[in-house]
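Below, chains carry the letters A, B, ... as their sequence lines are ordered, and counting in each starts from 1.
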Amino acid sequence: MRTLYLTFHVYLAFVTKSFQKRMQYRVANLAGLTTNFFFLLVHIFVYTAFYAARTGPLSLNLNEIITYFVLCQVFFMLMPFWGARSEVTSAIKDGSVALQLTKPVDFQAYWFSDECGRACYYLLMRGLPTFLISIIFFAVAIPTQPITVMAFAVSITLATFMSAAITITVFSFAFWTLDTTGFSGLSYSIITLFSGMLVPIALWPEWLAHIAAWLPFGGLIDIPFSIYLGKITGMDIWIAIGKQMIWVVFFLGLGRILLKRGFSRLVIQGG
Amino acid sequence: MIEVNNLSKTFKVYHHRKGFFGSFMNLFSRKHRLVQAVDSVSFSVARGEIIGYLGPNGAGKSTTIKMLTGILVPTSGSVTVNGYIPHRQRKENAKRIGVVFGQRSHLWFDLPVQESFELLQRIYRIPEAQYRHNVEVFDALLGLGDFFRTPVRQLSLGQRMRADIAAALLHNPDVLFLDEPTIGLDVVAKARIREFIQQINAERQVTVVLTTHDLDDVEKLCKRVILIDNARLCFDGELAALRRLLSTERILSVDYAETYSDISIPNAQVIYQEESRVQYRFSPEAISTADLIGAILQRFKIVDISVQEPDIEELIKTVYEDNLTLAQKLAEADVIDLTNRKRIS
């Protein structure tokens with residue numbers, strides 16, 4: 001039990017240090033905040049125009065759509081591939097990642113902690129201000145039921161874990177390709193689409209939404225935001241959260257295998 | 001403390017086809033060749049020893065160190081450090097060793113040195129008292145106080161190296177691996193680091209494995225050196241013995257009055273020639289210095305002449321250049337019978 005506590009203690013320290021080191025770049029963060037609002041405005045204008053021109057009823061009303069895209073910007077930096085990545089990825093490229101193996105630390109857990117620290121940082125320094133400013137200027141819906149708030153908190157945490165696990169998996173390909181821009185670019189497109197980042201899945205044609213439901217990426221955005229908007233209720237909430245959990249475990253497992261194989265073939269580059 | 005037996009490592013190096021079509025083909029079939037990075041190397045290091053692990057670039061030094069630290073899995077042969085098999089018991093081994101790679105920092109780039117140290121304290125579960133004591137001692141010896149609160153990315157190379165070495169010793173490791181710890185440093189910084197290593201080694205009986213291209217490091221720190229070249233071990237013994245052995249060879253530098261076409265002298269080998277300036281290598285056993293100079297004076301006009309004992313750098317170059325002669329010499333001199341040694345192991 002004590003060992004478990006001490007182990008947790010170590011990785012918690014990684015989380016906080018990851019948070020701390022990002023505090024050094026606060027000005028860059030301010031610039032990022034502006035970008036968030038730029039994209040938020042673009043989305044809001046496009047959808048306002050779209051809703052004004054619509055003929056039939058849609059599964060999300062304009063108010064919900066605006067809330068949806070505010071949430072997208074609030075949690076934008078917590079999602080995989082968007083924004084600056086940790087130095088771990090460049091460490092794989094130049095081979096210095098091998099040095100991590102000289103420490104008595106599990107590498108995946110270390111990287112995961114680093115990603116979590118990063119998520120905490122962006123939640124606090126980017127997400128929170130975005131949210132606070134948005135509720136002043138836009139009609140953002142705020143959930144009233146405690147169960148919704150709780151379920152959303154759990155779901156968004158799982159989404160963050162999934163994001164970290166996916167990031168590790170995708171960037172582990174650097175062991176093979178040395179440059180992941182191609183692969184991560186491809187993943188970026190797929191995830192942007194199938195997570196519901198670009199267009200909420202609720203507005204998709206049924207057959208395409210059906211495909212999305214079988215893919216893991218809805219767990220990043222569609223599931224937590226639908227819970228927030230009260231589109232998923234009752235028992236379905238727990239099914240959705242269970243789905244997220246399964247995908248988190250899946251990506252952690254996949255990442256673990258890739259890292260293990262990656263490390264065994266590393267080493268050639270750089271004496 | 002360290003036992004290495006018949007250790008070998010072979011790498012597959014993939015051949016990359018050129019061009020777009022080529023890289024497409026790479027996806028399906030890839031040609032590779034095998035590169036022997038370390039070839040049946042055996043040695044052992046006792047507790048408290050400082051050994052210099054030397055060799056030219058690409059000789060297999062780093063590969064060996066990586067196998068000793070658990071980063072790499074050997075192709076064949078065995079390694080134990082502290083009784084642990086590094087690649088199988090990576091974490092256990094990691095707790096008992098300290099590693100410094102001169103070219104790369106272990107510290108967290110964006111964090112102040114102190115924060116990195118505190119993180120290490122948690123990683124290695126260092127008791128508070130031990131941590132404080134170590135920081136105090138290292139501060140006194142290395143002057144960490146001046147930059148303890150500075151982010152690592154703002155440190156000078158010398159400061160960073162001091163911080164890195166101190167960081168590697170916080171958890172009182174039994175073995176310290178230093179890979180080019182003085183690379184790029186000025187004379188004062190080098191001296192400081194050497195002194196520190198010496199002191200830590202003497203006081204704490206830390207075993208040190210040092211790879212370096214700086215032969216001053218070797219001379220100041222190591223009694224024993226291991227040379228590897230072309231993946232093979234070519235000398236293992238006292239530095240003094242190596243020098244004694246090889247300093248039978250001397251260098252004679254001559255400035256001739258004019259450029260001669262044939263400057264060969266029996267029993268002396270021309271190792272350098274640029275216009276009228278020539279260097280000969282000779283062994284005093286084959287020809288005495290006086291006879292050699294006599295022979296030169298008989299045939300040529302000279303401006304200047306001098307004899308040097310080769311320094312250690314020169315010695316090691318000789319070893320690298322033809323290690324067969326060295327092996328023979330070693331066998332003759334009976335300092336260490338290399339051929340025999342190999343057969344035993």
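The residues B/R90 and A/D106 are annotated as not salt-bridged, no charged nitrogen and carboxylate oxygen being separated by less than 4.0 angstrom.
Annotation: the span from A/M197 atom CE to A/F225 atom CZ amounts to 8.0 Å, rounded to 0.5 Å.
Looking at B/R153, the atoms closer than 4.5 Å to chain A (heavy atoms on both sides) all sit in the side chain, from C-beta outward. Heavy-atom distances place the backbone of B/S105, and not its side chain, under 4.5 Å from chain A. Residue A/T16: no heavy atom, backbone or side chain, is found under 4.5 Å from chain B. Of the atoms belonging to B/L120, it is side-chain heavy atoms, and not backbone ones, that fall under 4.5 Å from chain A. Using a 4.5 Å cut-off between heavy atoms, B/P151 contacts chain A through its side chain alone, with no backbone atom that close. Using a 4.5 Å cut-off between heavy atoms, B/V99 contacts chain A through its side chain alone, with no backbone atom that close.
Remark: the backbone N or O of B/T10 is paired with a side-chain donor or acceptor of B/T75 at under 3.5 angstrom.
Contacts with chain A were tallied for B/Q103, B/E115, B/K95, B/Q121; B/E115 has the most, counting heavy-atom pairs under 4.5 Å.
Nearest heavy atoms, B/V73 versus B/K9: O-NZ, 2.6 Å.
Ring centroids of A/F251 and A/F161 are separated by 6.0 Å or more, keeping the two rings apart.
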Identify every side-chain donor-acceptor pair in residues 69-76 of chain A under 3.5 Å, counting partners at least two apart or on other chains, and give the distances.
residue : atom : partner : partner atom : Å
A/Q73   : OE1  : A/N36   : ND2          : 2.9

